[in-house]
Amino acid sequence: EVDDYVRTFQHYDTKAHRPGFRLEWEPATNLVLAGDYEYKRAAARGPVPDISYAQHEVGASVRSRPRRLVRFSLEAGYTYAHRSFTTGNDGTADPSHAGRADVIERIELECRYRLAGPTVVAGYEYEWRQVTSPYSSIIDDVKDYRAHRFSLGVLVRSGRRGSRSRSPSAGPPLP
């Protein structure tokens with residue numbers, strides 16, 4: 001991941017690595033349980049402020065499709081992340097990041113309804129962050145927040161599922 005800000009905010013330019021994995025289990029044809037883990041290591045340009053951090057994130061979700069309403073699906077999930085800022089700056093130089101740790105939690109709900117072609121998607125997300133720092137009186141309230149997000153959209157697939165494209169010289173289609 002690369003974040004590249006305009007010249008005035010170049011100290012926020014960041015490169016990050018995000019290894020992780022997702023496990024899914026389908027105990028029934030209309031039920032999927034999933035778990036996620038991601039480790040993120042972000043290195044910012046800095047030097048002040050230095051927004052570099054290490055973050056561990058875990059999540060769980062459940063997705064269901066009622067047997068009688070096969071075009072409808074519902075997914076609910078919860079995510080917990082712990083972010084530790086890794087700046088080498090002391091609190092007098094960078095009080096917004098020195099010694100700071102954030103806990104970020106998120107609850108998500110998403111409904112989908114498949115029409116003849118597209119799928120209508122509606123979602124709700126509630127996210128909150130709690131900041132702890134030895135310099136918390138200096139940190140802006142905007143870092144410690146509660147956010148509600150609503151979304152509505154249409155998902156359109158770019159091609160038919162299972163179709164294979166081939167060039168004219170490729171020979172007969174594969175079975």
Side-chain angles (χ1 to χ4, degrees), residues 1-26 32-63 73-112 118-159:
E1 175 181 326
V2 176
D3 294 327
D4 186 18
Y5 288 80
V6 295
R7 181 178 301 279
T8 308
F9 298 102
Q10 280 184 336
H11 48 273
Y12 290 129
D13 288 356
T14 306
K15 293 180 181 173
H17 296 279
R18 301 173 76 139
F21 63 88
R22 178 176 177 86
L23 299 173
E24 288 190 357
W25 177 47
E26 191 173 344
V32 176
L33 305 174
D36 303 275
Y37 171 78
E38 180 182 84
Y39 174 73
K40 181 176 180 182
R41 182 72 174 184
R45 181 177 184 172
V48 176
D50 182 0
I51 63 169
S52 301
Y53 62 87
Q55 176 175 293
H56 295 274
E57 182 176 294
V58 294
S61 64
V62 61
R63 184 174 62 237
S73 68
L74 178 66
E75 184 168 0
Y78 170 79
T79 304
Y80 174 90
H82 185 271
R83 178 181 293 177
S84 298
F85 285 81
T86 58
T87 181
N89 298 328
D90 65 19
T92 56
D94 196 355
S96 294
H97 302 102
R100 179 172 145 195
D102 295 0
V103 171
I104 305 162
E105 296 176 83
R106 184 173 53 250
I107 296 172
E108 298 172 284
L109 298 171
E110 183 180 88
C111 298
R112 291 179 176 227
T119 301
V120 177
V121 182
Y124 169 72
E125 181 180 306
Y126 176 55
E127 182 178 270
W128 63 101
R129 177 165 55 180
Q130 295 175 310
V131 176
T132 56
S133 169
Y135 310 99
S136 59
S137 62
I138 300 170
I139 295 175
D140 294 333
D141 288 340
V142 73
K143 304 292 184 192
D144 211 11
Y145 66 86
R146 307 285 181 268
H148 298 271
R149 297 179 189 98
F150 296 91
S151 61
L152 181 62
V154 176
L155 178 66
V156 180
R157 301 222 181 255
S158 62

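Treat the numbers as computed from the prediction; the structure is a model and nothing was measured.
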Extract all donor-acceptor atom pairs below 3.5 Å that involve side chains of residues 7-16 and protein atoms in other chains or at least two apart in sequence.
from	atom 1	to	atom 2	distance (Å)
Gln10	OE1	Arg45	NH1	3.2
Asp13	OD1	Tyr5	N	2.7
Thr14	OG1	Tyr12	O	2.6

Report summary line: Of all heavy-atom pairs linking Gly99 and Pro134, the shortest is O-CD, 3.5 Å
Report summary line: In short, ring-ring contact (aromatic ring centres under 6.0 Å, His included) pairs touching residues 86-112 with sequence neighbours left out are Phe85-His97
Query raised in the report: Does the side chain of Val120 come within less than 4.5 Å of Leu152's, by heavy atoms?
Result: yes
Requested in this report: Compare all side-chain heavy atoms of Tyr80 with those of His56 and state whether any distance is below 4.5 angstrom.
Outcome: no
Requested in this report: Could you list the residues that satisfy side chain to side chain contact (heavy atoms under 4.5 Å, CB included) with Pro118, not counting sequence neighbours?
Outcome: Leu115, Val154, Val156
**Report entry** Lys/Arg N to Asp/Glu carboxylate O, Arg149 vs Glu127, below 4.0 Å
**Finding:** yes
**Report entry** Smallest separation among heavy atoms of Leu109 and Ala76, with atom names
**Finding:** CD2-CB, 3.5 Å
Query raised in the report: Between Tyr53 and Lys40, which heavy-atom pair has the shortest distance, and what is it?
Result: OH-NZ, 2.9 Å
Requested in this report: List in chain and number order the residues that pass salt bridge (charged side-chain N to carboxylate O under 4.0 Å, His left out) with Glu38, two or more places apart in sequence or in another chain; answer none if no residue qualifies.
Outcome: Arg18
Report task. Output all residues satisfying salt bridge (charged side-chain N to carboxylate O under 4.0 Å, His left out) with Asp36, sequence neighbours left out; order by chain, then residue number. Result -> Arg22
Query - By side-chain hydrogen bond (donor to acceptor under 3.5 Å, both in side chains) - contacts of Thr87 (at least two apart) - result: Asp50, Asn89
Report task. For residues Glu75 and Val32, determine if any side-chain heavy atom of one lies less than 4.5 Å from a side-chain heavy atom of the other. Result -> no
Report task. Report the residues that fulfil side-chain hydrogen bond (donor to acceptor under 3.5 Å, both in side chains) with His148, sequence neighbours left out, ordered by chain and then residue number. Result -> Tyr124
Query raised in the report: Would you say Ile107 and Glu125 make side-chain contact, with heavy atoms under 4.5 Å?
Result: no
Query - Glu1 side, atom CD; His17 side, atom NE2 - distance, nearest 0.5 Å - result: 10.5 Å
Report summary line: Across all chains, not counting sequence neighbours, the salt bridge (charged side-chain N to carboxylate O under 4.0 Å, His left out) partners of Asp4 are none
Report task. Provide the full list of salt bridge (charged side-chain N to carboxylate O under 4.0 Å, His left out) pairs with a residue in residues 83-97, sequence neighbours left out, each pair given once. Result -> none
Query raised in the report: Measuring from Thr132:OG1 to Arg100:CZ, what's the distance to the nearest 0.5 Å?
Result: 9.0 Å
Query raised in the report: So which heavy atom on Pro95 is nearest to which on Ser133, and how close?
Result: O-OG, 4.1 Å
Report task. Given side chain to side chain contact (heavy atoms under 4.5 Å, CB included), test Gln130 with Asp144 step by step and report yes or no. Result -> CA-CA 5 Å; Gln130 295 175 310; Asp144 211 11; 4.1 Å; yes
Query raised in the report: Going from OG on Ser96 to NZ on Lys143, what distance comes out if it is rounded to the nearest 0.5 angstrom?
Result: 7.0 Å
Requested in this report: Go through the structure and list residues passing side-chain hydrogen bond (donor to acceptor under 3.5 Å, both in side chains) with Glu26, not counting sequence neighbours.
Outcome: none
Report summary line: Sorted by chain and number, sequence neighbours left out, side chain to side chain contact (heavy atoms under 4.5 Å, CB included) with Val121 holds for Glu110, Arg112, Thr119, Leu155
Requested in this report: List in chain and number order the residues that pass side-chain hydrogen bond (donor to acceptor under 3.5 Å, both in side chains) with Arg41, two or more places apart in sequence or in another chain; answer none if no residue qualifies.
Outcome: none
Query raised in the report: Can you name the closest pair of heavy atoms from Tyr39 and Ala54 and give their distance?
Result: OH-CB, 3.7 Å
